[in-house]
Amino acid sequence: AQSVTQLDSHVSVSEGTPVLLRCNYSSSYSPSLFWYVQHPNKGLQLLLKYTSAATLVKGINGFEAEFKKSETSFHLTKPSAHMSDAAEYFCVVRSNDYKLSFGAGTTVTVRA
Amino acid sequence: DTAVSQTPKYLVTQMGNDKSIKCEQNLGHDTMYWYKQDSKKFLKIMFSYNNKELIINETVPNRFSPKSPDKAHLNLHINSLELGDSAVYFCASSFGQGGKQPQHFGDGTRLSIL
């Protein structure tokens, strides 16, 4: 069975400082991994995806994530947070029966 | 030019009623999904259709019945609504059923049961 753990339920950063959202996964085979963002009263929007190509994945809005098989991690980072980055972030892993397993989410707040 | 659109956006109704939520996508995708997001923001798949065929049917009460009249539409009908059905329901779509392609989500339907 596949599962995903987001290690922080809430992350607070100052505008202009780096953001790190941590995600660990468990999978019995080479996984497909995604990060999605959800702004208030909106649906989920894809930030980036890893599907066994380059381990460093660049996404939209300056986000990137690094797949580390040895650590079973897929942490999301951004060098400089913007006020518009305040949202809920979900780490997602594809299971071998084609379903997506969602992490519990990390709420990001950005202080001015 | 909304890619995945759900109607209604808000739905407030009494316990015991029957209601439907509609979803349409104009992305040309062949797979569509319904998810339920609870008050703690946890997301769980309910159903998935590929080319109008049901491919994922999670442990959901049989009061919930999806219907896909064509590849671009996936509706969700709920009978005898209960308090626990209060949640945000998201429709999504993608190319292929394998899960490797990203899913595009609608903005959600906020269902509140009185």
Side-chain angles (χ1 to χ4, degrees), chain A residues 1-6 8-11 21 23 25 27 29-53 57-60 63 65 67 86-109, chain B residues 2-10 21 23-25 27 29-50 53-60 87-112:
Chain A
Q2 282 61 233
S3 70
V4 58
T5 302
Q6 291 182 241
D8 308 291
S9 59
H10 187 219
V11 168
L21 305 183
C23 173
Y25 69 92
S27 175
Y29 67 108
S30 183
S32 294
L33 292 156
F34 309 83
W35 275 100
Y36 283 84
V37 61
Q38 183 180 23
H39 287 95
N41 297 316
K42 289 291 185 181
L44 279 70
Q45 179 187 14
L46 179 73
L47 281 176
L48 48 81
K49 67 175 181 177
Y50 167 79
T51 53
S52 74
V57 182
K58 293 191 184 298
I60 62 171
F63 284 95
F67 173 72
E88 191 80 16
Y89 292 78
F90 293 94
C91 183
V92 184
V93 63
R94 177 185 74 105
S95 66
N96 58 358
D97 55 357
Y98 309 138
K99 298 174 198 171
L100 297 184
S101 293
F102 288 77
T106 299
T107 303
V108 172
T109 56
Chain B
T2 304
V4 181
S5 59
Q6 298 178 225
T7 53
K9 186 165 185 175
Y10 297 95
I21 308 172
C23 179
E24 175 182 8
Q25 54 94 4
L27 297 166
H29 290 163
D30 58 0
T31 306
M32 295 185 73
Y33 313 80
W34 276 111
Y35 287 88
K36 180 180 181 180
Q37 186 175 43
D38 62 24
S39 58
K40 295 184 179 178
K41 300 192 176 178
F42 182 70
L43 269 152
K44 187 168 171 56
I45 183 78
M46 299 173 69
F47 302 104
S48 176
Y49 273 73
N50 174 258
E53 297 294 324
L54 181 65
I55 55 171
I56 294 175
N57 185 0
E58 285 298 276
T59 307
V60 176
V88 183
Y89 293 84
F90 286 99
C91 177
S93 69
S94 70
F95 285 116
Q97 59 180 319
K100 282 194 173 183
Q101 296 302 319
Q103 296 181 13
H104 294 251
F105 286 77
D107 284 345
T109 295
R110 285 138 192 87
L111 175 62
S112 297

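Protein chains get the first letters and strands the later ones, always in sequence-line order, with residue 1 at the start of each.
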### Task
Could you tell me which residues satisfy salt bridge (charged side-chain N to carboxylate O under 4.0 Å, His left out) with B/Lys9, sequence neighbours excluded, listed by chain and number?
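Residues passing salt bridge (charged side-chain N to carboxylate O under 4.0 Å, His left out) with B/Lys9: none at all.
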#### Entry: For A/Phe102, all residues meeting ring pair (Phe, Tyr, Trp, His ring centres under 6.0 Å), sequence neighbours excluded
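A/Phe102: ring pair (Phe, Tyr, Trp, His ring centres under 6.0 Å) contacts with B/Tyr35.
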#### Entry: Residues A/Val92, B/Leu43; criterion side chain to side chain contact (heavy atoms under 4.5 Å, CB included); working and verdict
CA-CA 10 Å; A/Val92 184; B/Leu43 269 152; over 6 Å; no
Side chain, backbone, both or neither: which part of [X] has a non-hydrogen atom closer than 4.5 Å to chain B?
X: A/Leu46; answer: side chain
X: A/Gln45; answer: neither
X: A/Lys49; answer: side chain

### Task
Name the option with the most non-hydrogen atom pairs under 4.5 Å to chain A; the candidates are B/Gln6, B/Arg110, B/His104, B/Lys44.
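Top count of heavy-atom pairs under 4.5 Å with chain A: B/Arg110.
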### Query
Between A/Tyr36 and B/Pro102, is there a donor-acceptor pair closer than 3.5 Å when you use the side chain of the first and the backbone of the second?
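Judged by distance alone, no pair lies under 3.5 Å.
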#### Entry: Exercise: identify the closest heavy-atom pair between A/Phe90 and B/Gln37
CZ-NE2, 3.6 Å
